[in-house]
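This structure is a prediction, so every number in the text was calculated from the model and none was measured. All heavy atoms count here, side chains included; hydrogens, waters and symmetry mates do not. Chain naming here is simple, since letters A, B, ... match the order of the sequence lines and numbering starts at 1 in each.
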There are 2 protein chains.
Amino acid sequence: MQQGSPLILIVEDEQPIRRFLRASLTSEGYRLNEAASGEEALRVAASYPPDLVLLDLGLPDIDGQEVLSRLREWLTAPIIVLTARDQEQQKITALDAGADDYVTKPFATGELLARMRTALRHAQHLAAESPTVRVGDLRFDLPARLVFKRDTQIHLTPLEYKLLATMLKHSGKVLTHRFLLREVWGPEDSQETHYLRVFVASLRRKLEDDPARPRYILTEPGVGYRFAAE
Amino acid sequence: MQQGSPLILIVEDEQPIRRFLRASLTSEGYRLNEAASGEEALRVAASYPPDLVLLDLGLPDIDGQEVLSRLREWLTAPIIVLTARDQEQQKITALDAGADDYVTKPFATGELLARMRTALRHAQHLAAESPTVRVGDLRFDLPARLVFKRDTQIHLTPLEYKLLATMLKHSGKVLTHRFLLREVWGPEDSQETHYLRVFVASLRRKLEDDPARPRYILTEPGVGYRFAAE
DNA sequence: GGCCGGCATCAAGATTTCGTCAAGACGCCA
DNA sequence: TGGCGTCTTGACGAAATCTTGATGCCGGCC
């Protein structure tokens with residue numbers, strides 16, 4: 001969306017519908033590109049990456065579904081599919097192939113515009129950075145499964161990560177040995193408190209400034225552990 | 001279009017028409033190459049890749065259509081076809097074979113020049129920006145499914161490409177074995193982690209400077225793989 | 001002071017997971 | 001049908017991770 005208003009790519013072979021869309025969308029302030037065939041759509045999209053695609057599934061040359069999946073290989077912008085009312089199955093395969101929404105023809109302008117706004121808004125959210133949790137000088141990027149200490153990445157083994165994630169999930173609360181063991185190792189090993197000691201130690205070695213006097217992973221003697229809330 | 005003005009290749013056997021074209025085009029500032037036969041056209045085009053081709057379909061040796069498709073095998077520059085007024089069918093097959101436009105003889109200079117400008121402008125756009133992603137010394141042209149390392153193209157098999165593309169799509173994130181297998185091989189093979197090892201190895205061999213200490217495709221032991229974000 | 005239980009740390013196997021090579025199977029095109 | 005590129009499968013050494021045992025520390029209690 002470099003130049004302010006979103007760039008829409010219309011892929012539609014029927015001249016009248018295209019003209020109609022052009023009128024409705026330009027009056028809304030959208031910038032437009034048009035393609036009358038699948039081939040052209042792929043070419044134009046590659047040259048001018050759109051912020052949103054309106055894709056008619058009934059195209060003359062390539063199958064609309066094909067265009068859809070070729071686009072989805074690299075395009076993250078939302079794709080709204082235009083289908084005939086009786087093509088139920090088509091909608092479903094289209095959504096499976098990565099379409100974000102569909103509108104059945106004939107459609108009301110208002111509905112189309114509303115769905116476009118929703119899709120664009122949604123896309124913007126996705127583009128935002130993945131949410132991170134900060135505690136002290138630690139930073140957790142949970143979607144990416146990454147942990148940082150003062151901006152340098154920390155490598156954690158699967159069990160270390162799982163343990164830390166469980167503590168983080170209930171941070172501030174005291175977590176009993178049994179609870180942690182169940183969550184991380186499973187009900188089988190809920191007695192093996194020794195596991196906990198070993199892994200807490202290695203987590204402290206990696207996360208704490210002074211593992212002997214921990215700031216994040218606190219021991220609750222006789223009960224369990226607690227991850228510092230603030 | 002290295003030297004400023006576009007290089008035009010004229011393929012035309014009739015001397016008078018060639019002379020006429022030469023006059024019109026040089027006065028417009030175009031650089032020219034000429035060929036009087038199909039054979040010559042292919043030779044010249046190979047030696048001096050033109051920015052635009054004017055191709056007369058009525059040639060003495062090879063069929064004009066043949067020249068056209070031979071050129072199209074590798075040449076992306078626009079090709080404008082010159083046809084006689086009564087050769088309707090010829091135009092159509094020419095367009096199918098990859099011609100960008102046609103002009104019927106006899107033609108007005110103004111019209112020819114206009115069509116040439118359009119074609120050149122259009123070609124420029126296409127050549128301009130396929131959205132490419134750069135990571136380190138790698139470059140990805142996603143729409144075209146091409147991968148380059150330091151500007152030399154890397155050949156990837158279909159599955160190699162698909163795997164790489166999915167990692168790139170979620171670059172920075174840790175992708176579990178299951179996820180990658182599902183995306184690339186489908187839900188059936190979501191257990192076959194061995195596939196991943198083999199293909200990651202071959203991708204590293206092709207992309208990394210030192211496959212043993214990868215910079216792009218990183219292993220997250222026990223979890224999956226991650227494509228380096230920055 | 002000596003003993004004991006809970007906790008922390010270290011390190012040596014044991015086990016699982018990875019990387020690599022190569023042979024076989026498969027599909028496709030000439 | 002044979003060759004070619006590609007994918008699948010198997011085998012094995014290497015690496016990372018997990019388990020397990022040994023040892024030491026500390027505070028409370030007899």
> Assess, by modelled atom type and distance only, whether the side chains of B:Y216 and B:D137 contain a donor and an acceptor separated by less than 3.5 Å.
yes

> Can you tell me the distance, in whole Å, between the CD atom of A:Q191 and the P atom of D:dT20?
14 Å

> Without decimals, in angstroms, what is the distance between A:H155 NE2 and D:dA16 P?
9 Å

> Measure the distance from CG on A:L164 to C1' on D:dT17 and round it to the nearest whole Å.
17 Å

> Within 45° of the ring axis of A:Y161 and under 6.0 Å from its six-membered ring centre, is that where the NZ or CZ of A:R145 lies?
yes

> In whole angstrom, give the distance that lies between atom CG of A:L203 and atom C1' of C:dT9.
14 Å

> Rounded to the nearest 0.5 Å, how far does CZ of B:R43 lie from CG of B:N33?
12.0 Å

> If you find the nucleotide of DNA chain D closest to A:L156 and the one closest to A:E192, which residue's nucleotide is nearer the 5' end?
A:L156

> Would you say D:dC7 has OP1 or OP2 under 4.0 Å from some side-chain N or O of B:Y195?
no

> Can you work out whether A:A212 or B:V223 has the more 5'-proximal nearest nucleotide on DNA chain C?
A:A212

> Measure the distance from CZ on A:R205 to C1' on C:dA11 and round it to the nearest whole Å.
11 Å

> B:P158 has a side chain; which of D:dC18, D:dC7, C:dT20 sits nearest to it?
D:dC7

> Counting only side-chain N and O atoms of B:W185, is one of them less than 4.0 Å from OP1 or OP2 of D:dC7?
no

> Out of C:dC7, D:dT6, D:dT19, which nucleotide sits closest to the side chain of A:F199?
D:dT19

> Given atom CD of B:E188 and atom C1' of D:dC7, what is their separation to the nearest angstrom?
17 Å

> What is the separation between atom CD1 on B:I217 and atom P on C:dT20, rounded to the nearest whole Å?
11 Å

> Verify the contact: side-chain N or O of B:T219 to OP1 or OP2 of C:dG19, cut-off strictly under 4.0 Å; return yes or no.
yes

> Can a donor-acceptor pair be found between the side chains of A:R197 and A:T219 at a distance below 3.5 Å?
no

> Please determine, for the side chain of B:T157, which listed nucleotide (D:dT17, D:dT19, D:dT6) has the closest atom?
D:dT6

> Side chain of B:P221, heavy atoms from C-beta onward: which of D:dA16, D:dT8, C:dA8 has the nearest atom to it?
D:dA16

> Need to verify one output field. Residue with the more 5' nearest nucleotide on DNA chain C, A:R204 or B:E220?
A:R204

> Output the distance between atom CZ (A:R226) and atom CD (A:E220), rounded to the nearest 0.5 Å.
4.5 Å

> Does the side chain of B:H177 get closer than 4.0 angstrom to OP1 or OP2 of C:dT16 through an N or O atom?
no

> OP1 or OP2 of C:dG6 versus the side-chain N and O atoms of A:Y225: is any pair under 4.0 Å?
no

> Without decimals, in angstroms, what is the distance between A:D189 CG and D:dT20 C1'?
13 Å

> Tell me whether the side-chain N/O atoms of A:R197 come closer than 4.0 Å to OP1 or OP2 in C:dC7.
yes

> Contact class for B:V198 (heavy atom, under 4.0 Å): base, sugar-phosphate, or nothing?
base

> Keeping A:S190 on the side-chain end and A:G186 on the backbone end, is there a donor-acceptor pair under 3.5 Å?
no

> Measure from the side-chain heavy atoms of A:H194 and tell me the nearest of D:dC7, D:dA22, C:dC18.
D:dA22

